[in-house]
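Just so you know, residue 1 is the first one in the sequence shown, and it goes up from there.
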Amino acid sequence: MAEFKQKNQSFSLWKNSYKKEGDNKPDYTGTAMVDDRKLDCAMWINEDKNGKRYLSGTFKEPRKNDNPF
């Protein structure tokens with residue numbers, strides 16, 4: 001099987017299996033390639049004061065271990 005190569009200016013996210021009810025861990029984690037630099041990314045599902053859901057996220061320098069967050 002061919003190795004996955006992240007395209008530049010893109011990201012991939014997976015559901016965070018470590019998240020538990022009520023904690024602040026991201027709902028999704030993954031990687032991004034921005035200007036040929038690999039970054040870790042995270043996304044949360046939030047709700048505003050009117051009950052409308054929205055997504056927010058972060059990009060960070062990759063961590064040294066296997067668990068990005």
Side-chain angles (χ1 to χ4, degrees):
M1 182 180 269
E3 183 178 326
F4 173 74
K5 181 168 171 42
Q6 184 108 35
K7 293 180 183 177
N8 202 27
Q9 310 306 88
S10 70
F11 63 93
S12 299
L13 296 169
W14 291 267
K15 190 159 181 68
N16 184 358
S17 59
Y18 297 103
K19 182 168 176 96
K20 300 221 183 328
E21 184 72 31
D23 69 17
N24 291 330
K25 291 182 180 128
D27 295 293
Y28 293 87
T29 60
T31 58
M33 183 69 71
V34 179
D35 295 331
D36 295 316
R37 261 182 58 218
K38 189 172 183 176
L39 299 170
D40 289 337
C41 55
M43 186 171 287
W44 290 261
I45 300 171
N46 296 302
E47 196 172 293
D48 69 14
K49 63 182 178 180
N50 298 317
K52 189 171 183 178
R53 293 176 73 175
Y54 67 95
L55 302 172
S56 64
T58 61
F59 293 100
K60 294 182 180 180
E61 292 296 323
R63 292 185 61 172
K64 303 270 190 255
N65 63 17
D66 290 337
N67 184 358
F69 296 96

Inset, instruction - Please test Met43 against Ser56 for side-chain contact (heavy atoms from CB on, under 4.5 Å), starting from the C-alpha separation and ending with a verdict. - result: CA-CA 6 Å; Met43 186 171 287; Ser56 64; over 6 Å; no
Legend entry - 4.5 Å side-chain heavy-atom contact, Leu13 and Thr29: no
Legend entry - Any Phe11 side-chain heavy atom under 4.5 Å of Thr31 side chain: no
Inset, instruction - Examine distances only and state if a side-chain atom of Asn16 and a backbone atom of Tyr18 form a donor-acceptor pair shorter than 3.5 Å. - result: yes
Legend entry - Full working for side-chain contact (heavy atoms from CB on, under 4.5 Å) between Arg53 and Asn46: CA-CA 6 Å; Arg53 293 176 73 175; Asn46 296 302; over 6 Å; no
Inset, instruction - Return the set of residues passing side-chain contact (heavy atoms from CB on, under 4.5 Å) with Asn24 (not counting sequence neighbours), or none when no residue passes. - result: none
Legend entry - Closest contact, heavy atoms only, Met33 versus Gln6: CB-CG, 3.5 Å
Inset, instruction - Indicate the atoms forming the closest heavy-atom contact of Ser12 with Cys41, along with that distance. - result: O-SG, 4.2 Å
Inset, instruction - For Glu47, check salt bridge (charged side-chain N to carboxylate O under 4.0 Å, His left out) against everything at least two apart and list the hits. - result: none
Legend entry - salt bridge (Lys or Arg N to Asp or Glu O under 4.0 Å) contacts in which one or both residues fall within residues 27-36, not counting sequence neighbours: Lys19-Asp27
Legend entry - Glu61: side-chain hydrogen bond (donor to acceptor under 3.5 Å, both in side chains) partners, not counting sequence neighbours: Arg37
Inset, instruction - Hydrophobic side-chain clustering at under 4.5 Å (ILVMFWY, transitive links): who's grouped with Leu39? Put none if nobody. - result: Val34, Phe59
Legend entry - side-chain contact (heavy atoms from CB on, under 4.5 Å) partners of Ser17, counting only residues at least two apart: none
Inset, instruction - Assess whether side-chain contact (heavy atoms from CB on, under 4.5 Å) is satisfied between Tyr28 and Leu55, documenting all intermediate values. - result: CA-CA 10 Å; Tyr28 293 87; Leu55 302 172; over 6 Å; no
